[in-house]
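These numbers come from a predicted model, not from an experiment. Lettering follows sequence order; numbering is per chain, from 1.
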Number of protein chains: 2
Amino acid sequence: MGASLGEGERRKTAGSALARQQILRPGEASGRVIVLRQGWALRSAITSDGRRQVLSILLPGDIAGGEFLMRDKVRVPVQSLTPVEYCSFDVTYLKEIAGENPAFIWTFVDLCLSSKEASEARLIDLGRRNAEQRLARLILDLHRRLREKGLSNGATIPFPLRQQTVADALGLTQVHVSRVIRSLRQSRILQIRSGQLTILDMDALMATAEFYET
Amino acid sequence: MGASLGEGERRKTAGSALARQQILRPGEASGRVIVLRQGWALRSAITSDGRRQVLSILLPGDIAGGEFLMRDKVRVPVQSLTPVEYCSFDVTYLKEIAGENPAFIWTFVDLCLSSKEASEARLIDLGRRNAEQRLARLILDLHRRLREKGLSNGATIPFPLRQQTVADALGLTQVHVSRVIRSLRQSRILQIRSGQLTILDMDALMATAEFYET
DNA sequence: GCGTGTTTATAACGTAAGTTAAAAACTGAT
DNA sequence: ATCAGTTTTTAACTTACGTTATAAACACGC
């Protein structure tokens with residue numbers, strides 16, 4: 001991406017990164033909205049005492065850096081979890097498009113509402129559900145999203161998350177996540193092997209998740 | 001609001017309610033965005049086992065029912081906490097305005113991003129902070145918002161929340177909220193009397209909240 | 001295959017927060 | 001002022017999850 005690139009080429013660019021790379025750093029002002037094409041990524045926050053809270057897990061098709069639409073600095077760091085490919089769009093370019101085609105903006109409102117709903121659902125999990133329910137719901141959520149994106153059809157999904165990452169998403173410790181996974185494994189509800197998670201007993205998983213209500 | 005009202009009058013309507021009334025019921029399809037004018041209200045969810053999680057506390061000027069912009073059903077119930085006054089706008093009317101003045105839509109994107117940021121901040125609280133920190137941060141958040149709205153200037157703010165409500169917001173029990181409040185009271189950090197909360201030692205409160213980082 | 005670093009498993013123990021219960025303090029209506 | 005209903009306080013006891021530590025299982029470069 002040298003200085004010789006024309007305006008046009010900067011509007012949409014492609015990128016990639018290895019696993020565990022910072023893609024957006026807080027404070028940075030990239031001014032670009034990123035759409036993940038391949039791989040998994042994380043939006044997370046670090047508290048002052050060094051603990052981490054994962055805010056959302058990004059799958060192919062998901063958006064990062066949406067705050068640039070109205071803000072000028074990155075608020076939430078984004079990092080790759082697996083090797084990733086993504087494309088990024090200049091915000092001023094997106095706003096130009098929106099200026100010509102106002103209906104386009106409603107897409108952003110929709111995306112924004114959806115991600116707000118998702119984070120409020122997580123809020124309910126952390127506030128009012130125990131560790132087993134939280135894990136079951138995380139797995140069912142990933143399973144549903146991967147299925148919707150055509151990245152999984154059966155009961156098996158890719159699962160590149162370390163236990164520490166799961167813990168940071170669920171507000172637990174790695175040790176306790178290990179305990180809960182063992183419990184679900186021993187109940188023949190699920191199985192995790194070589195980066196793949198298999199749901200052995202969907203009914204039981206949904207029962208522990210209390211999945212009937214949002 | 002009889003059937004004889006003309007179209008024009010339905011676009012913007014005023015309303016009021018006593019304390020503890022349901023203003024928006026889940027499943028309902030009111031198609032109206034509500035702006036709170038006076039009083040406090042709550043957006044909350046009930047889990048299948050009957051526990052409650054408060055998703056946000058609405059102060060005068062805040063918006064409820066924003067999901068109607070893109071959805072057709074109420075997802076999150078809203079109830080008044082004190083007597084309230086509000087006005088409501090028909091969503092199709094808002095979209096008309098937006099059609100004539102596209103920049104207006106960006107306002108919604110902005111509002112939506114802000115409330116998403118707020119709920120992600122709460123997510124960090126519930127996932128990674130203890131009861132004392134959560135309460136301190138809730139109080140500082142309310143203090144800041146009331147100050148910004150000109151509804152409080154000094155160290156005293158109106159505080160119409162029951163301990164059970166605070167508990168439902170922080171993912172705790174009422175009993176534990178009582179314990180934490182006692183601890184802060186005994187440390188001469190704050191005082192709650194007749195619906196008013198006074199911050200006696202702001203530095204100490206900010207220290208317990210670890211307020212320097214978001 | 002071997003060594004190094006990372007991740008997971010398990011155990012023993014600690015604690016913040018939950019549960020239950022009962023008394024005390026409010027609140028508002030009459 | 002009195003009463004009924006609600007909210008808060010406090011205490012005793014329980015528990016889900018955290019902490020610390022160590023061993024086992026993986027992963028991967030040479």
Asker: Find the distance Leu170(B):CG to dG18(C):C1' and express it as a whole number of Å.
Answerer: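 That distance rounds to 15 Å.
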
Asker: Quick one: bend of the helix from dG1(C)-dC30(D) to dT30(C)-dA1(D) from 5 pairs per end, to 10°?
Answerer: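 One end's axis against the other's: 50°.
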
Asker: Taking C-beta and beyond as the side chain, do Pro158(A) and Leu151(A) meet within less than 4.5 Å on heavy atoms?
Answerer: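 The answer is no; the side chains never approach within 4.5 Å.
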
Asker: Look for any protein N or O under 3.5 Å of an N or O in nucleotides 23-30 of chain C and output each such pair with its distance, or none.
Answerer:
none

Asker: Looking at side-chain heavy atoms only, is the closest gap between Leu140(B) and Met206(B) below 4.5 Å?
Answerer: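 In contact.
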
Asker: Can you list everything that forms a side chain to side chain contact (heavy atoms under 4.5 Å, CB included) with Gln191(B)? Sequence neighbours excluded, please.
Answerer: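 Side chain to side chain contact (heavy atoms under 4.5 Å, CB included) list for Gln191(B), sorted by chain: Arg193(B), Thr198(B), Leu200(B).
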
Asker: Taking CG from Leu172(B) and C1' from dT19(C), how many angstroms apart are they, rounded to a whole number?
Answerer: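 Atom-to-atom, Leu172(B) to dT19(C), this comes out as 14 Å.
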
Asker: Can you name the closest pair of heavy atoms from Val166(A) and Leu161(A) and give their distance?
Answerer: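 Shortest heavy-atom contact: CG2-CB, 3.9 Å.
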
Asker: May I have the distance from Arg129(A) (atom CZ) to dA16(D) (atom P), rounded to whole angstrom?
Answerer: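 After rounding, the gap between these two atoms is 18 Å.
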
Asker: Nearest whole angstrom, please: distance from the C1' of dA17(C) to the NE2 of His176(A).
Answerer: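 One finds 14 Å between C1' of dA17(C) and NE2 of His176(A), rounded.
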
Asker: Whole-Å distance between dT15(D) C1' and Glu132(A) CD?
Answerer: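 About 15 Å, once rounded to whole Å.
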
Asker: Calculate, to the nearest 0.5 Å, the distance between atoms NE2 and CG belonging to His176(B) and Leu135(B) respectively.
Answerer: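 Atom-to-atom, His176(B):NE2 and Leu135(B):CG are 10.0 Å apart.
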
Asker: Once side chain to side chain contact (heavy atoms under 4.5 Å, CB included) is applied, do any residues pair with Arg75(A), and if so which ones, sequence neighbours excluded?
Answerer: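 Partners of Arg75(A) under the side chain to side chain contact (heavy atoms under 4.5 Å, CB included) test: Glu67(A), Arg71(A), Glu117(B).
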
Asker: Can you name the closest pair of heavy atoms from Ile57(B) and Leu138(B) and give their distance?
Answerer: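 Nearest pair, atom of Ile57(B) first, then Leu138(B): CD1-CD1, 4.0 Å.
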
Asker: Which is true for Arg51(B) with a 4.0 Å heavy-atom rule: it touches a base, it touches only sugar-phosphate, or it touches nothing?
Answerer: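 Since no nucleic acid heavy atom lies under 4.0 Å of Arg51(B), the category is nothing.
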
Asker: Just how far, in rounded Å, is C1' of dA17(C) from CG of Leu135(B)?
Answerer: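 It works out to 14 Å between those atoms.
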
Asker: Counting only side-chain nitrogens and oxygens, does Arg193(A) get under 4.0 Å of the OP1 or OP2 atom of dT8(C)?
Answerer: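 So the side-chain polar atoms of Arg193(A) never come under 4.0 Å of the phosphate oxygens OP1 or OP2 of dT8(C).
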
Asker: Tabulated below should be each protein N or O lying under 3.5 Å from an N or O of nucleotides 8-14 of chain D; please produce it.
Answerer:
from   : atom 1 : to        : atom 2 : distance (Å)
dT8(D) : OP2    : Gln163(B) : N      : 2.9
dT9(D) : OP1    : Arg185(B) : NH2    : 3.0
dT9(D) : OP2    : Gln163(B) : NE2    : 2.4
dT9(D) : OP2    : Ser178(B) : OG     : 3.4

Asker: Take atom CG of Asn130(B) and atom P of dT19(D), then tell me their distance rounded to the nearest Å.
Answerer: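 Result: 11 Å.
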
Asker: Using distance only, find each side-chain donor-acceptor pair of residues 22-29 of chain A under 3.5 Å and give its atom names and separation, not counting sequence neighbours.
Answerer:
from     : atom 1 : to       : atom 2 : distance (Å)
Glu28(A) : OE1    : Arg25(A) : N      : 2.7

Asker: What integer distance in Å separates Leu81(B):CG from dT6(D):C1'?
Answerer: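 The answer, rounded to whole Å, is 15 Å.
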
Asker: Is it true that atom CZ of Arg37(A) has more than 12 heavy atoms of other residues, nucleotides or ligands lying nearer than 6.0 Å?
Answerer: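 Result for CZ/Arg37(A): open.
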
Asker: Quick check on dA16(C): is either OP1 or OP2 less than 4.0 Å from any side-chain nitrogen or oxygen of Arg134(B)?
Answerer: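 Checking dA16(C) against Arg134(B), no side-chain N or O comes under 4.0 Å of OP1 or OP2.
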
Asker: May I ask you to say whether Asp141(B) pairs ionically with Arg137(B), meaning some side-chain N is under 4.0 Å from a carboxylate O?
Answerer: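 Answer for the salt bridge query: no.
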
Asker: Step through the shown structure and confirm whether more than 12 heavy atoms of other residues, nucleotides or ligands are within 6.0 Å of NZ on Lys73(A).
Answerer: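 No, NZ of Lys73(A) has 12 or fewer neighbouring heavy atoms, counting only those of other groups under 6.0 Å.
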
